[in-house]
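What follows is a short report on a single structure.
Bear in mind that the values here come from a model prediction, so they are computed numbers and not experimental data. We're numbering straight along the sequence, starting at 1.
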Amino acid sequence: MLVLKGSEAAARIKKEVQEMVEGLGGHVPTAAIVRVGERPDDLSYERNVMKKIASFGMEARSFAFPESIREGEFQAEFQKINDDPSIDGILLFCPLPRHMNGLTFEIIEIGAVKLNSRMEIVDTFEELIRPEKDLDGISPVNRARIFAGEKDGFAPCTAEAVIEILKTYQIPMEGKRAVVVGRSMVVGRPLSMLFLKENATVTVCHTKTADLKAVCREADILVAAAGKAGMISGEFVKPGAVVADVGINVDENGALKGDVEWDGLEAAAAAAATPVPGGVGSVTTAVLCRHLAEAAMRKYGAEQAQN
Ligand code: NDP
């Protein structure tokens, strides 16, 4: 069985990013990493992202706010970052603390539609983030672009990371049966759209799927993104299938486990699979870096066109 290593995909993406950065006339793409609170997962992801962006020859600035910050105050700070021309891209850690579920600034209601003072339809911070700076594809504009299969949208980085690993190893997707277990807005749904764009035939599974095992066994490409350690055993895998494991679960000893039972894959005669750790997760931050370089390139291109 071929092990699909995230490091291979990340190295390929790094080369692409470095070429993009070289074409920016000395401008160093700069990201804002915006965090509210001190969740250990966020802190560890933030460290990873900051390191990765620097290692790709770009810059990252951390904007951390206490969990106790008032929503209005955070909103004003966030808007400054959003509008700052020296910031090319933003990673906003979600979910935000519960008291920040909706925006509180001046809202004008016209029937069922809410507009802010800039006359934009807004309800949440996801809606406030400028789509051209939205590195992790959380804004409604980017979601719509991904849904429509447009090339200019930023997809959520993890969903795109799955496609990137398959492309790195030249695994064909066109005409293949792709089954995605999980339908979250972060992974399952956008990934199903990205597979469609690659001309795969897609099935999306969830907790109400009847006979999950049988559906998974139809997959040429099976993606596990449920967040349930080891739930995909060898019995779910068709011989010759390619398996991508998005799950990140921490066991009682603190070790990382995927959603796929790795030991069952050889016996199931899977053709290839991504490990955990060292698979999809390690490509996610590389994709984020490429989004940052792309955001900077688009801005640079627009400025050049104006001059
Ligand atoms: P969510 O909890 O938001 O979504 C999980 C999805 O899986 C839901 O759609 C749920 O169905 C479905 N699901 C859960 N259990 C089962 C089951 N037993 N059978 C069928 N479907 C099931 O998780 P995320 O999408 O945010 O994350 C999924 C996994 O990916 C997690 O382990 C997370 O840690 C990891 N992850 C990894 C990243 C990376 O960089 N590699 C980044 C983001 C996430 P339903 O909708 O019916 O509830």
Side-chain angles (χ1 to χ4, degrees), residues 6 10 13-14 17-18 20-21 24 26-101 103-105 124-139 142 154-161 186-187 248 250 256 277 280-300:
I13 294 169
K14 185 173 184 175
V17 169
Q18 284 169 334
M20 286 189 222
V21 174
L24 284 173
H27 173 70
V28 179
T30 302
I33 315 299
V34 184
R35 166 171 56 81
V36 180
E38 307 268 320
R39 273 197 310 254
D41 287 2
D42 287 354
L43 290 172
S44 128
Y45 189 49
E46 180 177 323
R47 278 193 298 274
N48 269 336
V49 167
M50 304 279 294
K51 252 191 356 211
K52 186 73 98 179
I53 290 177
S55 77
F56 275 45
M58 302 184 291
E59 199 180 311
R61 291 188 219 153
S62 164
F63 295 84
F65 301 93
E67 180 145 10
S68 58
I69 191 170
R70 282 187 310 111
E71 187 182 45
E73 199 184 329
F74 175 63
Q75 197 178 298
E77 293 299 322
F78 185 76
Q79 196 58 275
K80 272 191 231 160
I81 299 165
N82 217 10
D83 291 341
D84 183 341
S86 73
I87 302 282
D88 299 296
I90 298 172
L91 173 66
L92 172 64
F93 282 96
C94 293
L96 287 163
R98 277 170 153 261
H99 66 284
M100 292 192 182
N101 282 342
L103 295 180
T104 52
F105 63 130
T124 63
F125 283 93
E126 284 90 337
E127 290 172 56
L128 193 61
I129 192 167
R130 286 177 178 272
E132 69 274 19
K133 293 187 177 185
D134 173 24
L135 298 181
D136 205 16
I138 60 174
S139 84
N142 281 315
F154 288 126
C157 298
T158 302
E160 193 171 326
V186 193
V187 190
I248 300 179
V250 184
L256 285 188
V280 177
S282 50
V283 186
T284 297
T285 45
V287 170
L288 187 100
C289 289
R290 191 169 64 195
H291 287 178
L292 175 59
E294 278 170 4
M297 262 182 68
R298 287 179 202 163
K299 196 176 81 181
Y300 182 73

Compare all side-chain heavy atoms of K52 with those of L288 and state whether any distance is below 4.5 angstrom.
-> no
Please report the closest heavy-atom contact between V36 and P66, naming both atoms and the distance.
-> CG1-O, 3.7 Å
Least distance between heavy atoms, S139 atom then D134 atom = N-OD2, 2.8 Å
Which heavy atom in L24 sits nearest to a heavy atom in P29, and how many Å separate them?
-> CD1-CG, 3.5 Å
List for me each residue that meets ring pair (Phe, Tyr, Trp, His ring centres under 6.0 Å) alongside F154, sequence neighbours excluded, and say none if there are none.
-> H291
Those residues that, when tested against E294, pass salt bridge (charged side-chain N to carboxylate O under 4.0 Å, His left out) (two or more places apart) = R290, R298
Side-chain (D88) to main-chain (L292) donor-acceptor, under 3.5 angstrom = no
Got L135 and C157 here, is their nearest side-chain heavy-atom distance under 4.5 Å?
-> no
Indicate yes or no: at least one non-hydrogen side-chain atom of R39 is less than 4.5 angstrom from one of P95.
-> yes
Does any non-hydrogen side-chain atom of M50 lie less than 4.5 Å from one of E46?
-> yes
Look at the side chain of S62 and the backbone N and O of A60, then say whether any donor-acceptor pair between them is shorter than 3.5 Å.
-> no
Taken in chain and number order and not counting sequence neighbours, the residues that satisfy salt bridge (charged side-chain N to carboxylate O under 4.0 Å, His left out) with E73 are none
Does any non-hydrogen side-chain atom of V250 lie less than 4.5 Å from one of L256?
-> yes
Evaluate the side-chain proximity of E59 to I53: yes if any heavy-atom separation is below 4.5 Å, no if none is.
-> no
Donor-acceptor under 3.5 Å (D42 side chain, R35 main chain) | no
Distance-minimising heavy-atom pair for G137 and P156 = O-CG, 3.9 Å
Gap separating the OH atom of Y45 from the OG1 atom of T285, nearest 0.5 angstrom = 6.0 Å
Where F56 and C289 come nearest, the two heavy atoms and their spacing | CD2-CB, 3.5 Å
Report yes if the side chains of I87 and R61 come closer than 4.5 Å at any heavy-atom pair, otherwise no.
-> yes
Angle class for the F74/F125 ring planes (parallel below 30°, perpendicular above 60°, tilted otherwise)?
-> tilted
Report the C-alpha distance between F93 and D41 in whole Å, list the side-chain angles of each, state the deciding distance to 0.1 Å, and finish with yes or no for side chain to side chain contact (heavy atoms under 4.5 Å, CB included).
-> CA-CA 10 Å; F93 282 96; D41 287 2; over 6 Å; no
Locate the shortest heavy-atom distance separating A295 from E132; write the atom from each residue and the value.
-> CB-O, 3.5 Å
Test item: K133 side-chain N/O and N82 main-chain N/O as donor-acceptor pair under 3.5 Å | yes
Value for CD1 (I33) from CD1 (I81), rounded to nearest 0.5 Å, stands at 10.5 Å
Without swapping roles, check the side chain of D136 against the backbone of I138 for a donor-acceptor pair under 3.5 Å.
-> no
Any side-chain heavy atom of F63 sitting closer than 4.5 Å to one from E77?
-> no
Nearest-0.5 Å distance, CD of residue Q79 to CZ of residue R130 | 7.0 Å
